[in-house]
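Presented below is the structure to which this report refers.
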Amino acid sequence: MLNSDLAKIFYEIADILEMQHVQWKPAAYRKAARAIESLPEDVADVFKKKGVEGLKEISGVGEGLAAKIVEYLTTKRIKEYDELKKKIPRHLSILIDIPGLGPKHAELLHKKLGINNIEDLKKAIAAHKLAKLSGFGAKSEENIAKGLELFAQGTARTLLGTALPIAEALIMQIKQVKGIGNIEVAGSVRRRKETIGDIDILVTAKDPKPIMERFTHLPDVKRIMAQGPTKSSILLKNNLQVDCRVLEEKSYGAALNYFTGSKEHNIVLREIAIKKGFKLSEYGLFNRKTNAFVAGRTEEEVYKKLGLPYIPPELRENAGEIEAARQGKLPVLVEEKDLKGDLHMHTTYSDGNNSTEEMIKAAIARGYEYIAITDHSPSVHIAHGMTEKRLVKQLAEIEKLQKKYKDITILAGSEVDILPNGSMDYSDKILKRLDWVIGSVHSAFKMPRDKMTRRICKAMENPYVRVIGHPSGRLMGKREPYDVDMKAVFQMAKKTGTFLEIDSQPPRLDLKDVHIRAAIDAGVTLVIDSDAHDVNQLRFISLGLMTARRGWATKKDIANCLPLDKFLKLKK
DNA sequence: GCCGTTTTCGGCCCGACTGTTTTCAGTCG
């Protein structure tokens, strides 16, 4: 069972109840849904282990909701949910996914205009029926029409690797306004989430007016979505939404905390604040009774007054970080300076853009102690996989280059295909000659789960395969991950001493955050690689590092944080 | 529906912006 399935039902119940003007219950259902969604353990397992009492330990779950969870686990249904669904037409709940249209208005549109789905809504807008409704107007109709447009474009999220440079560029442009104190990107970009929905920019200044002016008139603005004295939203020409908020200097920490989120993390912090007699908002932490300012200049200060150590943004998902913080068990996250080498990169020998020597020089410039050159094996035809003969030629060249560049150790490696039957694309005889072998799947992606799992596990049993490259094979926005039993992969990786890769290519970020955390829990050691196909892609490794941090990785979980001598001593 | 060093009853995270209001509800983050 997926926790997210159950959470989805609770969210939907909340929406339906809200449409019926039920008070408070919607919030209760949503709260429980959020807790279940971010629960590291499967709800079914919780119930199996600890029964109903275990379920009630989940925050926001009490007697009533625990009973509903049990009902769902045992009968696969929730009676009340089925009843509620009967009361509202199918697909009406889809309407509230339209930006600008919430449960209350959706219900009103249904009641007054008989709108049951997106098609009905489009027709009603075309006939200007909405504008005549009391509570609505020409503007509301226009807004919903615009929301419908955005909805039609899909809820496609933007890759972190795409959003980060855009955010940086926007900040540079806004910075030109005089009188800016701090300016920083917040939101999911600051939490380094693999994909982001919008960009949040936070600014401190005495006078917000010129900043709002500048922000809403940036060269790439397609449309101003909202404009107020301290907060505005714009849509960029690339359809990315950007929010900007201006606050006073003394609120900077509280505001940064607030706008970094996640929403779920913030809600828990505010609940802690209340219990301590405070009120927490983007303006600061205040005494609930006297309204006196308690903290807010820095995030550290806010956390401290709440009785917590500083929690890094990457962990703020309400996925156990607050409990860990309370118990002093927060991980010391791996940092960019800890990385001593990069163990996956391509050259013109296969599908890279630069020569082996150019890659080496670029790696030296980045200050690495060691790298591995890892071009493709023959069966990856589209990537000009190397025949054994060409590989041997490259090995000789690497040997020569190693003599020329003594500041870095060059591991002669290869990214070798794991064939559909689980055997490797080069003979063991050749693999034996290599310093570093990555095993990767690049073909037959659609194998059934058990076959794919066996395929990858068999590769790990090969004594020369040191690491599995991009273990899930996903390309965000383009290709689903292959169907593979990750738990089994983690167990085999642990058993055979094979590393698993965190591939840093922007659409890959593979392993992903939750898998990284699970792999570490399973005792697996990881490797962060750029998988660079160009000298300019070596820097992608920072994206993999961010993902590792989101997966609670410490320095000791990452093999390429070891200095060369220790790294070389790691035996399979 | 949940929850308790304000409360077992009566609260529930907090605030900005918008549009339709003539003092506030809906939506969003």
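Every heavy atom of this structure was used, including side-chain atoms; hydrogens, water molecules and symmetry mates were not. The shown structure was predicted, so the numbers you read here are calculated from the model rather than taken from an experiment. By convention in this document, chain letters (A, B, ...) are assigned in the order of the sequence lines, proteins followed by strands, and residues within each chain are numbered from 1.
- At the phosphate of dA16(B), neither OP1 nor OP2 sits under 4.0 Å from any side-chain N or O atom of S233(A).
- Out of dT27(B), dC17(B), dG29(B), the shortest distance to the side chain of K231(A) is found at dC17(B).
- N291(A) places a side-chain heavy atom less than 4.5 Å from the side chain of K279(A).
- Under a cutoff of 6.0 Å and an axis angle of 45°, K76(A) and Y72(A) form a cation-pi pair.
- Closest to the side chain of S140(A), out of dT20(B), dA16(B), dG29(B), is dT20(B).
- Nucleotides dG1(B) and dT8(B), compared at atom C1', are 15 Å apart to the nearest Å.
- Proximity note for A226(A) (side chain, C-beta onward) versus dC14(B), dC17(B), dG1(B): the nearest is dC17(B).
- Distance, I78(A) CD1 to dG1(B) P: 12 Å, rounded to whole Å.
- The distance between atom CE of M225(A) and atom P of dC17(B), rounded to the nearest whole Å, is 15 Å.
- Contacts of A27(A) with the nucleic acid, taken as non-hydrogen atoms under 4.0 Å apart, are absent.
- Nucleotides dC9(B) and dC14(B) are separated by 24 Å at their C1' atoms, to the nearest Å.
- Checked by atom type and distance alone, the side chain of D82(A) never pairs as donor or acceptor with a backbone atom of K79(A) at under 3.5 Å.
- Comparing atom distances between the Q227(A) side chain and each of dA16(B), dC14(B), dT18(B) picks out dT18(B) as nearest.
- With hydrogens and angles ignored, a donor-acceptor pair under 3.5 angstrom links the side chain of Y258(A) to the base of dG29(B).
- Checking dG1(B), dA16(B), dG29(B) against every side-chain atom of R245(A), the shortest atom distance belongs to dA16(B).
- Of all nucleotides listed (dG1(B), dT6(B), dG26(B)), dG26(B) comes nearest to the side chain of K104(A).
- Dashed line: the shortest gap from a side-chain N or O of K279(A) to OP1 or OP2 of dG15(B) is under 4.0 Å.
- When heavy atoms are screened at a 4.0 angstrom cut-off, A138(A) is found touching the sugar-phosphate backbone but no base atom.
- Residue contacts shown for K276(A) are absent, as no nucleic acid heavy atom lies under 4.0 Å away.
- Annotation: cation-pi geometry not satisfied between K305(A) and F278(A) (NZ/CZ under 6.0 angstrom from ring centroid, within 45° of ring axis).
- When the P atom is compared between dC28(B) and dT23(B), the two are found 25 Å apart, to the nearest whole Å.
- Against DNA chain B, the stretch residues 15-25 of chain A makes heavy-atom approaches under 4.0 Å through W24(A), K25(A).
- Taking atom NZ on K263(A) and atom P on dC28(B), their separation rounds to 10 Å, with Å as the unit.
- Nucleic acid contact class of K275(A) (heavy atoms, under 4.0 Å, all strands): sugar-phosphate only.
- A cation-pi contact, defined as under 6.0 Å to the ring centre and within 45° of the axis, is absent between R316(A) and Y258(A).
- Residue-level contact check: P99(A) touches the backbone only, with heavy atoms under 4.0 Å from sugar-phosphate atoms and none from bases.
- Sequence order on DNA chain B of the closest nucleotides to F136(A) and A106(A) puts F136(A) first from the 5' end.
- Closest approach to the L65(A) side chain among dG26(B), dC2(B), dG29(B) is made by dC2(B) (side chain taken as heavy atoms from C-beta onward).
- Counting any heavy atom pair closer than 4.0 Å across all strands shown, N143(A) reaches sugar-phosphate atoms only and no base atom.
- The distance between atom CG of D97(A) and atom P of dT27(B), rounded to the nearest whole Å, is 13 Å.
- Taking atom CG on N266(A) and atom P on dG15(B), their separation rounds to 13 Å, with Å as the unit.
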For this session: Go through the steps to decide whether D15(A) and Y29(A) satisfy the test side chain to side chain donor-acceptor pair (under 3.5 Å), and finish with yes or no.
Result: CA-CA 9 Å; D15(A) 290 337; Y29(A) 273 95; over 6 Å; no
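- Between the C1' atoms of dT6(B) and dC12(B), the separation comes to 14 Å (whole Å).
- Not a single donor-acceptor pair under 3.5 Å links the side chain of E317(A) to the backbone N or O of L315(A).
- Using Watson-Crick or G-U wobble geometry with both donor-acceptor distances under 3.5 Å, dC14(B) finds its partner in dG29(B).
- Between I267(A) atom CD1 and dG29(B) atom P the separation is 14 Å, expressed in whole Å.
- The number of heavy-atom neighbours closer than 6.0 Å to CD of E63(A), taken from other residues, nucleotides and ligands shown, is 12 or below.
- Across the interface with DNA chain B, nearest-nucleotide mapping of G228(A) and S281(A) shows S281(A) to be the residue nearer the 5′ end.
- On the P atoms, dT27(B) is 13 Å away from dT20(B), given to the nearest whole Å.
- Salt bridge status for E194(A) with R474(A): present, with a side-chain N to carboxylate O gap under 4.0 Å.
- Going from atom CD of E282(A) over to atom C1' of dA16(B) covers 8 Å, rounded to whole Å.
- Considering only side-chain N and O atoms, R288(A) lies under 4.0 angstrom from the phosphate OP1 or OP2 of dC14(B).
- Looking at T554(A) and I520(A), their side chains never come closer than 4.5 Å, going by heavy atoms from C-beta outward.
- Atom CG in L101(A) sits roughly 15 Å away from atom P in dG19(B) (whole-Å rounding).
- L280(A) comes within 4.0 angstrom of the backbone, heavy atoms only, and of no base.
- Remark: the separation of the P atoms in dG26(B) and dT21(B) is 13 Å, to the nearest Å.
- Among the protein residues, I98(A) comes within range of the sugar-phosphate backbone only, with heavy atoms under 4.0 Å from sugar or phosphate atoms but none that close to a base.
- With distances taken from any side-chain atom of K139(A) to the nucleotides dT20(B), dG29(B), dA16(B), the minimum falls on dT20(B).
- The residue S232(A) sits apart from the nucleic acid: no heavy atom pair falls under 4.0 Å.
- Checking side-chain atoms of R192(A) against main-chain N and O of L543(A) turns up no donor-acceptor pair under 3.5 Å.
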